[in-house]
Each structure stands twice: as structure tokens, then as C-alpha cells.
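Quick notes on the structure that follows.
Convention: sequence-line order gives letters A, B, ...; per-chain numbering from 1. Just so you know, these numbers use all the heavy atoms, side chains as well, and skip hydrogens, waters and symmetry mates.
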Amino acid sequence: MPIVPEKPSLDDLESRWGARWEADGTYRFDRSKSRDEIYSIDTPPPTVSGSLHMGSLFGYVHTDSIARYRRMRGLEVFYPMGWDDNGLPTERRVQNYFGVQCDPSLPYDPAYAPPETPPGDSGKKSKDRPIPVPRRNFVELCLRLTAEDEQAFEQLWRRVGLSVDWELTYTSIGDDAQRASQLAFLRNLERGEAYQSEAPTLWDVDFRTAVAQAELEDREMPGAYHAITFSGTDGGDAIVIETTRPELVPACVALVAHPDDARFAPRFGQTVRTPLFGVPVPVLAHPLADPEKGSGIAMICTFGDTTDVVWWRELQLPTRNVMGRDGRLLEPSPPWGDDVDDKADARYAELAGKTAKQAQRRIVEMLEESGDLVGDPKTITHPVKFYEKGDRPLEIVSSRQWYIRNGARDPDLRAQLLDRGRVLAWHPSTMYSRYESWVEGLNSDWLISRQRFFGVPFPVWYPVGSDGEPDFEAPIVATEDRLPVDPSSDVPNGYAEDQRGVPGGFVGDPDVMDTWATSSLTPQIATGWETDPDLFARTFPMDLRPQGPEIIRTWLFSTLLRSILEHGEMPWTDVSINGWILDPDRKKMSKSKGNVVTPIGVLEKFGSDAVRYWALNGRPGVDTALDEGQMKVGRRLAIKVLNASKFVLGVMGEALADPALITTPIDRAVWVELDALVDDATAAFDSYDYARALERTERFFWSFCDDYLELVKSRAYGTDGSDPEGAASARATLALTLAALQRLFAPHLPFVTEEVWSWWREGSVHRAAWPEVAGATAWSEASVYRVASEVLGAVRKAKSDAQRSLRTDVLSAVVRDTPERLAALALAETDVREAGRIQELITEPATEFELTVELAPPEEKPS
RNA sequence: GGGCGGUUAGCUCAGGGGUAGAGCACUUCCCUGACACGGAAGGGGUCAGAGGUUCAAAUCCUCUACCGCCCACCA
């Protein structure tokens with residue numbers, strides 16, 4: 001006998017069932033299953049940066065619904081969680097939170113304690129200078145803060161009902177992740193896929209690190225074209241160029257125009273002199289020069305932008321570097337030879353030490369004084385390259401870095417990556433084009449080294465020659481059995497610690513890897529690559545990679561690349577790309593406006609199922625507005641599930657969902673519709689369209705409550721005992737439909753479905769079998785259910801129009817409709833009359849549906 | 001500059017050759033024996049614009065406009 005609470009409620013479902021699932025191990029991964037019985041998910045490790053926002057919830061809920069669906073389909077779901085605690089966001093947060101800054105030159109202090117009253121996450125920048133902290137102490141602070149954040153995230157994920165197996169959790173800075181990162185790197189190195197190179201590199205002057213192509217973004221910035229005169233030699237006229245970066249005039253190594261540009265063709269091969277410094281530079285031709293831009297001829301500097309790098313490389317120009325790694329102009333003067341203006345060094349000295357901005361102001365004054373500035377600068381806005389997390393434009397400096405080949409310089413590899421991307425099942429399919437345009441636009445190999453502190457170090461040392469200089473051409477690599485290693489504290493085989501940094505000894509590679517170098521290995525890290533071959537064989541390649549659209553070029557591409565390089569196969573078969581969260585009304589949320597929506601806040605206000613309902617209404621890949629209205633609707637749905645379940649269980653008693661008992665035509669008709677729903681929802685989930693599955697299920701459910709329950713109520717109660725077979729049919733249909741609906745809703749509303757399932761079924765609904773199409777057949781051409789629903793609805797409308805209660809008796813009702821539909825109606829006449837309180841039902845053939853009713857007169861109210 | 005989406009009711013969005021849909025908001029009614037954390041009903045739309053294909057277009061094709069995103073060597 002079902003045990004139904006007197007007053008069902010959504011209160012506390014999260015904590016009650018959350019604890020029960022944990023205790024029962026409901027989502028525990030059973031690793032005895034074989035690969036074809038397993039569904040394996042490459043969960044995105046959220047960046048543990050201290051803030052939990054609604055965007056974090058959105059995509060994860062989508063994935064969870066997919067995971068729950070697959071689990072109910074009988075697959076064992078491998079659903080781990082990872083934490084991305086590696087890298088710059090953490091470093092930056094630790095700096096701000098504790099008011100410290102890493103100083104790698106300081107020795108480790110085992111007794112170190114952070115400031116007693118750290119500034120915390122107040123959001124205000126401390127006026128105090130940051131306290132310098134040794135590197136290893138700094139890393140410890142990072143670990144300490146991320147551990148707290150990871151707790152907060154786990155609590156949030158549990159609350160929202162993610163069905164992950166929390167025993168499978170990994171972190172991107174943990175030993176396993178470090179080992180995998182270093183191992184994969186060593187394998188890349190062995191196969192020649194990783195290499196070192198000294199080259200011009202995009203450089204963030206604030207973070208003082210190199211930056212990869214994938215981390216760039218353009219920002220529209222104000223700038224100005226400065227027209228500047230280069231005086232001719234060899235009897236030629238002066239040439240006017242336009243530049244937005246006049247401060248780089250001292251770095252100029254040539255002028256360049258398009259080979260077909262008749263204005264400059266006579267000057268090709270001639271020499272001109274730079275203003276102020278009088279440095280002779282050649283006038284050259286290159287097809288990349290755009291005759292339409294500026295004055296049609298550009299100055300090439302080392303280096304103002306990436307085009308300069310191309311020209312410098314392809315025209316084999318000398319280097320005249322002026323930009324320092326701190327974003328200030330270098331001292332002393334760049335190498336410009338002897339044949340220069342007498343005042344060249346003195347003039348440059350006025351610029352040296354200044355930031356690019358300051359230097360620009362000064363050099364413009366100098367150019368005005370010397371008369372080399374033509375007219376006033378013309379202000380423009382133009383796109384400037386920034387590191388996506390940075391605040392100042394990137395500079396280009398020459399530095400030694402590690403790279404991994406990614407197809408940018410290898411047409412065969414690029415073609416292979418495009419082909420592989422095409423066989424991935426993209427959900428939605430249009431997302432492939434983003435991958436394609438990224439791969440087609442790759443212009444450099446993947447720069448994986450970063451001049452930072454908190455990250456996975458390169459497992460590499462360099463021998464130090466007798467001159468005290470490291471030999472970068474002959475790296476000493478760690479052996480695989482020693483991983484993970486930290487070359488700044490570990491010693492290479494065959495050396496001793498006292499040989500560190502001395503002639504004839506060694507030094508460790510000081511850099512750490514790009515976070516994507518680790519994140520690109522999440523499939524390997526999660527599945528136990530090279531550490532747990534048994535697990536690896538059961539879970540790799542994985543089935544699904546869910547992720548956001550903004551990291552297709554980073555996470556998705558790099559993961560695919562490394563899997564192809566290491567395993568020669570794809571890391572997964574399917575990828576689902578979730579949409580973006582938009583603020584309500586596209587207004588920016590801010591604390592001052594008081595309209596910030598926090599996950600915890602809405603989860604408490606509406607309940608987890610309601611918030612999931614909102615998220616799951618966002619179509620795959622479609623940007624979705626944050627909408628508390630949808631959460632309200634979700635809450636109402638969850639309450640309806642409680643009440644409808646309570647009612648159905650009360651009416652049907654101990655009835656079985658035995659199809660053989662379903663003999664009444666309208667019950668058969670409902671069963672047919674249920675079959676269609678199951679078919680629809682299953683197909684939707686199979687194509688990763690959780691939103692469609694939810695929408696269809698919800699639509700059926702409301703009609704089931706409004707119409708079917710009303711229609712069969714009376715018959716199912718069977719109070720007069722006149723139709724025992726009809727009562728049994730109704731009860732069996734109720735049982736069948738309720739069981740199906742509870743399971744169809746389970747991936748979306750895990751808490752309320754588990755609650756109502758527990759009232760009458762053994763075990764978790766989340767381990768119950770997904771409903772199957774039964775192959776039901778109806779007893780009538782027209783759907784008895786639909787005709788009866790329509791008549792019932794018309795009766796309700798008539799009562800509502802008359803402003804009468806739905807309890808009002810109908811003395812007589814005349815239904816006009818097609819003969820076919822009237823025949824269908826006849827099969828449900830008793831149910832319709834009971835539900836509508838119709839005393840006499842008359843039918844007349846017609847071409848279309850029409851209903852007229854005569855209502856009982858209102859009762860005199862007793863005074 | 002190249003590409004991908006989008007434009008449907010006041011709002012948030014489904015639908016995708018055959019009479020325009022849902023929820024919210026609004027109006028009216030109903031405390032009916034599951035549900036007032038309810039329920040019933042109603043008003044409200046030239047489906048961005050223009051052309052084309054078709055017996056029939058919100059839906060397919062072409063172009064235009066605007067919005068968003070991705071990519072691009074950005075002097």
C-alpha cells in the first residue's frame with residue numbers, strides 16, 4: 001500500500017534525498033561494467049575562483065539530465081567532477097585575498113603564516129603594498145584557498161542535484177594531474193611534437209608572461225594615426241608614413257608598401273632615415289602591405305604587432321628591440337649602428353624607462369619640435385590585442401618558450417584535425433563551424449610555457465656550462481617513473497643538489513605550463529591513463545564532452561589535439577555546447593542595483609527542481625535569459641507532481657500497472673498518447689535535446705491532470721460498484737501513466753520525482769528503467785481521449801463564461817460534431833458526463849465541433 | 001573582411017509547408033471531495049522588411065535591415 005504524506009511538500013527534499021543518495025551510493029560508479037555498458041562524461045572542471053554564479057549552474061544541469069537519462073537507460077554512468085584550481089585566476093585571487101605577491105627569490109619559510117587580517121574578497125584594492133611571499137609558501141596559500149572554494153562548489157553541486165560520483169573527484173593541480181601533464185609533455189617531446197624556440201612572443205607586461213593565440217582577445221581602443229616623415233637619402237623625397245605607435249620609431253627596421261603600389265615602386269630598394277634618430281632603413285615591398293591603409297606605406301618595427309613579426313621574418317630584417325618585459329622602453333639605445341643622428345642616443349634616453357603610453361607622449365612632442373610630425377594626429381578606434389585576462393595591450397618581446405605542434409605549420413596535421421572535428425557529433429551541429437574557423441585560422445603552434453608560479457612545472461633541467469650559462473639545446477628530461485617532479489626542488493638523475501646553478505651543474509626550467517596544457521588532458525586524468533589501466537580501458541575514449549562555446553578554441557581543441565597526438569583517436573564521440581546566460585532585460589547585474597541573482601539564493605527561494613526547470617528550458621546551445629518567472633513555473637510543476645501523485649495513488653489503491661487490465665476505450669487512447677510521449681522524449685534525449693524532452697513531458701502531464709484525471713475520477717473510485725472492469729481499467733491506466741511520468745520527469749526534477757516514487761516503489765527512481773514504448777493500440781479512429789477532453793473543456797468554458805462554479809450541474813448539453821468524433825465521444829460518454837456533471841448528453845452530426853449547454857439555475861443562498 | 005545564429009503576444013521563448021502556440025504579466029471567475037505554494041476561462045500577434053518557389057509560406061529560397069556570437073595580418 002502506498003504511503004502518502006497527508007500534506008506533501010517540497011521543503012527539505014534536497015537535504016533528505018541528497019543524504020540518502022550519498023548513503024545509498026545511488027550514483028556510485030560500478031567499475032565492473034564493460035566499456036559498452038558505460039556512459040563516460042568528460043565533466044568541465046569549474047574554475048575555482050571564489051565566485052559561484054548562475055552561469056556555473058546552467059550547463060552542468062543540462063549535462064546532469066543527460067547523465068540521469070543514460071543511467072535510466074541502463075548504462076553505468078562515469079560522471080566525475082574536477083576542480084580547475086590551477087593557474088592565473090587562482091594566483092590573482094590569492095594575491096588580492098591575502099594581499100601578497102610571489103617573490104621566487106625568497107627561500108621557503110616552513111613557519112610562514114598569512115596576514116592575520118587579509119583584505120579578503122572585499123573587492124576593494126588594498127592601498128598597502130603587497131607582502132612578498134616565497135614561491136612555495138605562495139603555492140601553499142593557493143592550495144589553501146582553493147580547498148575552501150572546492151567545498152563551496154561541491155555543496156552547490158550537491159544541492160542542485162548533480163548525479164556525479166564524488167569519489168571520482170580530481171583537481172587540476174593535484175599529483176595525478178601533474179603526473180599526466182608532465183607525462184604527456186614528455187611523450188610529445190619524444191615524438192618531436194613539443195619543442196623549444198626563441199622567438200617574438202605575445203607578452204602581457206602586467207602578468208609578465210607569454211600568452212598563447214587562444215588566450216587573445218581584441219578590444220576596440222582609441223588610438224591615433226600619426227603622420228611622420230622619413231627623410232630620403234640617395235636624393236629621394238621624404239616619405240610620410242602613418243602609425244598608431246610613434247613610440248616605436250626607434251624600433252623601426254624598414255618601411256614596406258605593396259609590390260604593385262605605383263606610388264612607392266620607384267622607392268623600393270632605396271634607403272630612408274628615421275626621424276629623430278636618423279637610422280637608415282630600407283624601403284621594401286611585401287604583399288601584406290595594404291595600399292588603402294594609412295598613407296599606403298607602413299613602418300616595420302620590432303615589434304609593434306603580429307604583422308611586424310611576419311614582415312620581419314619573411315623579409316629577414318634585423319632586430320632593434322626597445323620594449324622591455326615590464327612594458328617600459330629598454331635602456332640603453334637599441335643597436336642602430338654608427339651612421340645615425342648625433343643626438344640619437346640622447347633622444348632615446350628621454351624615452352627609455354617610460355611606459356609605452358608615456359613614451360608616446362614624449363616622442364610626439366619631440367617629433368613636433370623637429371618638424372617631422374605632419375599635421376595633427378587623427379584619432380581613430382581600432383582593435384588591439386589583449387590577453388583575455390589582462391588590462392594593458394600586449395607587447396611583443398623575444399623570448400624562449402615551449403611549443404606543441406597544433407597544425408598551424410603542418411598542413412597534414414591541420415587537415416587531420418579538421419577531419420576529426422567533423423566526425424564528432426556536435427550538439428547543436430552548427431557549433432562545428434566555430435571549431436572549423438579556429439583550426440583554419442591557426443597561425444602559430446601552441447605556446448604552452450608561462451612565466452608564472454602556480455602551475456605544473458616542466459619536468460626538465462638544463463646543464464650549466466663552464467661559462468655559467470644554461471644550455472637550452474640539451475635539456476635533461478625527467479624519467480617517467482619520477483613524475484611528478486618539480487625541477488626547482490628536485491634534482492635530475494646523476495646530479496646532486498649542490499650542483500644547482502653552478503658551472504658544470506644544472507638548473508631547473510623555471511616556467512610552468514599553460515593551464516590548458518593540463519586541462520587538455522581531463523579525459524586522461526579522469527580515466528586513469530597510465531595509472532589505472534583497468535579503469536582507462538572501461539572509460540576511454542569517453543562518450544560526452546559538455547562545455548561552453550567560448551572555450552571551443554582552447555579546451556575542446558587542445559583536448560582533441562592531445563588525444564590525437566597521444567592515442568591516435570578521438571577523446572569522445574559527442575560534444576554538447578551549452579548557451580550563454582543573459583542577464584534579465586540584458587541589464588548588467590550589479591550589487592549596487594541589488595538585482596544580483598546568486599545560485600544559493602534562488603535555490604533557497606524556489607527549490608532545486610525549480611531552478612533546474614529554468615535551466616532545462618534553455619535549448620541546447622541557445623543563449624538563455626536568467627528568468628525567475630521560469631523558476632516559479634518550475635516550482636509550480638514540482639508541486640503539481642506531488643499533488644497529482646498523491647491523488648492518483650489515493651484513487652488507484654494497490655492497483656497494478658497491468659496493461660491487460662486496460663480495456664476501456666478512453667484508457668486505451670491515453671495509453672496510445674503515452675506511448676507517443678515516451679517515443680518523443682526518448683528520441684529527444686537520444687539527440688541530447690533535454691529541453692524538448694521536458695517540454696513534451698510537461699505538456700502531456702498538464703493535460704493528464706486537467707482532463708484525464710477529471711474524466712476517470714468517478715469511474716476509478718468505483719464507489720457505486722456498477723463497473724468493476726471499468727474501475728480496474730482506470731486504475732491500471734493511472735498506475736501505468738503515473739509510473740511513466742515520474743520516470744520521464746526524473747532526469748529533470750530529481751528531487752520531487754524521487755520523493756513521489758518512494759511513496760509506492762522500491763529503490764531509487766534514478767536507477768529505475770526508462771519507460772519503453774508498449775505498442776499500445778486504440779479502439780477508435782479518432783482519439784477518444786482528445787474528443788472527450790475537448791468536450792470537457794467546452795463545458796468548463798461555458799461554466800466560466802456564465803461565471804458559475806465548475807461544480808454547477810449541466811441540465812443538458814448538445815454536442816455537434818462529425819460522426820466519427822461523435823462515435824469516439826460515445827465510447828467515453830459516462831466519463832464525460834460524470835466529469836462535466838452533465839445530466840443529459842445529446843449529440844447531433846455536424847461539420848464542426850460546437851457545444852451548447854443549459855446550466856442548472858443558481859441555488860438560492862440561505863440567508 | 002569571412003562565418004554562424006537570431007528577429008514570433010507587453011516580457012521570456014517554443015514551433016518550422018496546411019486555421020498562429022506556451023508560460024509570465026493583464027482581465028474575469030471559481031476556496032470543485034489531489035492541489036490557494038491552487039484551479040478555470042478570456043483579451044492580446046501583418047510571425048523584422050522586400051521579392052521568389054508553391055494550390056498553400058511564420059516555416060523553403062534570395063536579398064535587405066537590425067541584434068548577438070565566432071574567426072581574421074589590427075600599420
| task | Report yes if a side-chain nitrogen or oxygen of A/Asn443 is closer than 4.0 Å to either non-bridging phosphate oxygen (OP1 or OP2) of B/C73; otherwise report no. | result | yes

| field | Sub-4.5 Å side-chain heavy-atom contact between A/Trp516 and A/Ile551 | value | yes

| Which value, in whole Å, describes the distance between the P atoms of nucleotides B/A40 and B/U32? | 14 Å

| query | Considering only side-chain heavy atoms of A/Tyr225, which listed nucleotide, B/C37, B/A75, B/G42, is closest? | reply | B/A75

| query | Looking only at atom C1', what distance separates B/A75 and B/C66, rounded to whole Å? | reply | 32 Å

| query | Rounding to the closest angstrom, what is the interatomic distance between B/G44 and B/G21 at atom C1'? | reply | 13 Å

| Close side-chain approach of A/Pro275 to A/Thr229, heavy-atom, < 4.5 Å | no

| message | Below the 4.0 Å mark, does B/G38 have OP1 or OP2 next to a side-chain nitrogen or oxygen of A/Lys640? | response | no

| request: Report the nucleotide, chosen from B/A75, B/A34, B/C71, that has the shortest atom-to-atom distance to any side-chain atom of A/Lys646. | output: B/A34

| Validation row: A/Glu628, A/Val602 side chains within 4.5 angstrom (heavy atoms) | yes

| RNA chain B: A/Asp290 or A/Arg807, which has the more 5' nearest nucleotide? | A/Arg807

| said: Tell me every residue that passes side chain to side chain contact (heavy atoms under 4.5 Å, CB included) with A/Ser800, counting only those two or more places apart in sequence or in another chain. | reply: none

| task | Could you work out the separation of B/C47 and B/U19 based on their P atoms and round it to a whole Å? | result | 15 Å

| said: Let's test your reading of the model: under 3.5 Å, does the base of B/G33 pair with the side chain of A/Arg837 as donor and acceptor? | reply: yes

| query | Under 4.0 Å between a Lys/Arg side-chain N and an Asp/Glu carboxylate O for A/Lys713 and A/Glu710? | reply | yes

Under-3.5 Å N/O pairs linking protein and nucleotides 1-7 of chain B:
none

| request: For B/G49 and B/U8, measure between their C1' atoms and round to the nearest Å. | output: 15 Å

| field | Passing option when A/Gln213 is tested against A/Thr554, A/Leu202, A/Asp445, A/Leu442 for side chain to side chain contact (heavy atoms under 4.5 Å, CB included) | value | A/Leu442

| query | Quick one: does A/Val752's side chain get under 4.5 Å of A/Leu637's, heavy atoms only? | reply | no

| query | Looking only at atom P, what distance separates B/A56 and B/A20, rounded to whole Å? | reply | 16 Å

| Taking the side chain of A/Asp706 as its heavy atoms from C-beta onward, which of B/C71, B/A75, B/G39 lies nearest to it? | B/G39

| Closest-nucleotide ordering on RNA chain B, the 5'-leading residue of A/Glu242 and A/Cys705 | A/Cys705

| Looking at CG of A/Leu616 and OG of A/Ser65, how far apart are the two atoms once the value is rounded to the nearest 0.5 Å? | 5.0 Å

| B/G43 versus B/C71 - spacing of their C1' atoms, nearest Å | 47 Å

Can I get a per-line list of side-chain donor-acceptor pairs under 3.5 Å for residues 640-651 of chain A, giving both atom names and the distance, sequence neighbours left out?
unit_1	atom_1	unit_2	atom_2	d
A/Asn643	ND2	A/Ile639	O	3.3
A/Ser645	OG	A/Val641	O	2.7
A/Ser645	OG	A/Gln742	NE2	3.1
A/Lys646	NZ	A/Glu6	O	3.0

| What integer distance in Å separates A/Glu710:CD from B/G33:P? | 11 Å

| message | How many whole angstroms separate atom CG of A/Asp308 from atom P of B/A75? | response | 10 Å

| note | Taking B/A75, B/A34, B/A14 as options, the one with an atom nearest any side-chain atom of A/Thr243 is B/A75

| task | From the options B/U12, B/A14, B/A75, select the nucleotide whose nearest atom is closest to the side chain of A/Ala289. | result | B/A75

| Does the pair A/Leu603 and A/Glu14 meet the rule for a side-chain contact (heavy atoms from CB on, under 4.5 Å), with working shown? | CA-CA 10 Å; A/Leu603 288 169; A/Glu14 289 88 352; over 6 Å; no

| field | Listed nucleotide nearest any side-chain atom of A/Arg796, set B/A75, B/A40, B/A34 | value | B/A40

| field | Rounded P spacing from B/U12 to B/G68 in Å | value | 15 Å

| remark: Across all chains, not counting sequence neighbours, the side chain to side chain donor-acceptor pair (under 3.5 Å) partners of A/Arg796 are A/Asp707

| said: Measuring from atom OG of A/Ser295 to atom CZ of A/Arg263, what distance do you get when rounded to the nearest 0.5 angstrom? | reply: 7.5 Å

| Using Watson-Crick and G-U wobble pairs with both distances under 3.5 Å, what is the 5'-to-3' dot-bracket string of RNA chain B, with [ ] for crossing pairs and | for pairs outside the strand? | (((((((..((((....[..)))).(((((.......))))).....(((((..]....))))))))))))....

| task | Name the closest nucleotide to the A/His382 side chain, picking from B/A75, B/G68, B/C35. | result | B/A75

| Nucleotide of B/A72, B/A34, B/G39 approaching A/Tyr717 most closely (side-chain heavy atoms) | B/A34

| query | Got a salt bridge between A/Lys378 and A/Glu242, using NZ or NE/NH1/NH2 to carboxylate O under 4.0 Å? | reply | yes

| Annotated protein contacts, base or backbone, on nucleotides 21-29 of chain B with a non-hydrogen cut-off under 4.0 Å, one of B, S, - each | --SSS--SS

